[in-house]
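Numbers here are sequence positions counted from 1. Read the numbers this way: they start at 1 and go in the same order the structure lists the ligands and their atoms.
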Amino acid sequence: MRVVLGVSGGIAAYKACSLLRLFTESGHDVTVVPTEAALKFVGVPTWAALSGKPVATDVWTGVDEVNHVRIGQQAELVIVAPATADVMARAAAGQANDLLTATLLTATCPVVFAPAMHTEMWLHPATQANVATLRARGVTVIPPASGRLTGTDTGPGRLPEPPDLYAAALAAVSAPDSSLRGLRVLLTAGGTREALDPVRYLGNRSSGKQGMSLAEIAHARGAQVTLIACNIPNVALPEDITVVTAESALQLQSVVEARAGDADVIVMCAAVADFRPKHYADTKIKKTHAADGADDSAPVIELVRNPDILAGLVQTRGAANTPLIVGFAAETGDDTGSVVDLARAKLARKGCDLLVANEVGVDKTFGQDTNTVHVLFRDGRPERTVGPASKRQVAEAVWDAVTELLERGHAALGVAETQAHLP
Ligand code: CTP
């Protein structure tokens with residue numbers, strides 16, 4: 001395939017080198033079109049060596065070959081990675097003031113933008129309007145990943161990893177996967193917070209990244225997705241995913257239960273606190289101060305159990321076993337068993353159809369971009385291990401497993417039947 005890799009001027013340009021290699025190593029013919037600013041980060045010799053082709057950097061190079069028109073016309077895929085706010089603004093406005101934007105104006109093939117920038121720039125209404133304009137024209141804009149940015153700041157704006165960009169680019173040229181078309185998916189993501197007082201809460205380390213990848217892939221495969229986001233600071237998802245927020249386990253329970261009847265598949269990816277403080281203090285809990293300053297007493301916080309939302313959903317679903325329910329299990333393993341042993345016991349206890357178990361710890365899974373999971377089936381088919389893989393690849397594997405269950409006629413629900421929900 002003839003691919004144009006547009007590179008604009010961001011620090012993430014270095015990641016485009018790995019993306020380029022993924023294309024060339026799979027036999028694609030890649031023409032790199034860097035902007036002038038991109039060359040401040042990675043120079044022409046690198047692009048030329050990795051692509052095995054001369055690199056045109058402006059409209060005045062190779063004028064006899066009419067490069068500014070030819071490169072776009074001949075392309076079968078254009079991917080711009082990283083795409084800065086500036087290049088998206090110029091593309092949205094239809095400008096052709098450098099070789100990359102001229103190429104974008106002449107390309108009739110699928111076009112993919114992979115934005116990377118600081119969070120404020122990504123969230124700015126001007127950038128969001130440009131993204132909406134590009135999407136409305138059929139351009140694929142891959143939502144940026146969340147995480148550490150160039151400085152000390154964190155948030156959405158990171159360029160996703162090259163294997164994810166590569167997969168998204170190929171998906172844009174291949175026939176869209178519509179295996180979940182019309183399916184109504186209810187997904188929880190993030191982690192609950194259990195308030196102690198107006199200032200403090202008991203929480204957990206879940207970042208919501210895995211749940212957001214699950215939402216994105218389900219949406220890309222045609223599902224109608226509702227995401228219940230528990231304390232995810234910046235949710236950057238395609239617009240037609242419905243996002244509802246819930247803070248505590250009890251709030252999550254009431255939102256999930258109110259919507260469960262309208263779902264064909266429920267995925268409980270959120271890390272739900274098992275306990276909450278028995279008493280909520282309406283005002284900030286203060287230290288006590290002895291007259292002599294020697295008071296080191298501390299309050300004892302009494303906890304009560306939270307409801308098990310997942311187990312409740314399983315218990316109340318109909319005899320037809322609908323909706324299909326997917327649970328997640330965060331396990332560290334202990335002296336009673338391995339991660340998989342504990343997950344198997346949890347699957348039996350909760351009674352859901354699929355259980356996705358991941359190994360967690362301070363540096364494992366939570367907030368990280370990669371993950372290793374074990375997918376366990378209630379119906380006895382052998383479990384699968386996925387990874388180490390990106391959270392997007394894990395999400396693909398989870399939806400593959402769901403599709404497999406639906407195709408084999410999970411309960412009374414089949415994909416054909418669920419398509420009856422289509423307008
Ligand atoms: N879950 C839930 N309600 C809770 C706790 C967990 O719905 N009160 C769901 C989670 O969303 C997840 C699954 O149950 O899909 C497993 O969560 P996990 O925290 O691993 O399991 P627990 O049941 O809390 O078991 P334990 O903490 O004892 O390992």
>> Closer than 4.0 Å and a protein heavy atom, does any atom meet both conditions relative to atom 17 (O) of ligand 1?
In response: yes
[X] heavy atoms, cut-off 4.0 Å: which ligand 1 atoms fall inside?
X      : answer
Leu310 : 2 (C), 7 (O), 9 (C), 13 (C), 14 (O), 15 (O)
Asp308 : 2 (C), 3 (N), 4 (C), 7 (O), 8 (N), 23 (O)
Gly327 : 15 (O)
Ala329 : 20 (O)
Ala330 : 20 (O)
Ala270 : 10 (C), 11 (O)
Met268 : 7 (O), 11 (O), 12 (C), 15 (O)

>> Give me the atom names and distance for the closest heavy-atom approach of Ser8 to Val80.
In response: OG-CG1, 4.4 Å
Is the closest heavy atom of [X] to ligand 1 under 4.0 Å?
X      : result
Arg305 : no
Gln253 : no
Pro307 : yes

> Going through the checks in order, is the side chain to side chain contact (heavy atoms under 4.5 Å, CB included) test met by Thr288 and Ser297?
Replying inline: CA-CA 7 Å; Thr288 52; Ser297 67; 3.2 Å; yes
>> With a heavy-atom distance limit of 4.0 Å, tell me whether Ala271 approaches ligand 1 through its side chain, its backbone, both, or neither.
In response: neither
> Are the side chains of Lys15 and Glu161 in touch, meaning some heavy atoms are under 4.5 Å apart?
Replying inline: yes
> When you look at Ser248 and Tyr201, which way does the side chain to side chain contact (heavy atoms under 4.5 Å, CB included) test go after all the steps?
Replying inline: CA-CA 10 Å; Ser248 66; Tyr201 59 82; over 6 Å; no
> For Arg200, does the CZ atom sit with more than 12 other heavy atoms under 6.0 Å from it, leaving out its own atoms?
Replying inline: yes
> With Leu324, which of Asp353, Val267, Asp264, Ile266 fulfils side-chain contact (heavy atoms from CB on, under 4.5 Å)?
Replying inline: Asp353
>> Going by side-chain contact (heavy atoms from CB on, under 4.5 Å), Glu383 matches just one of Val375, Leu376, Leu347. Which one?
In response: Leu376
> Would you say Asp164's side chain and Pro160's backbone share a donor-acceptor pair under 3.5 angstrom?
Replying inline: no
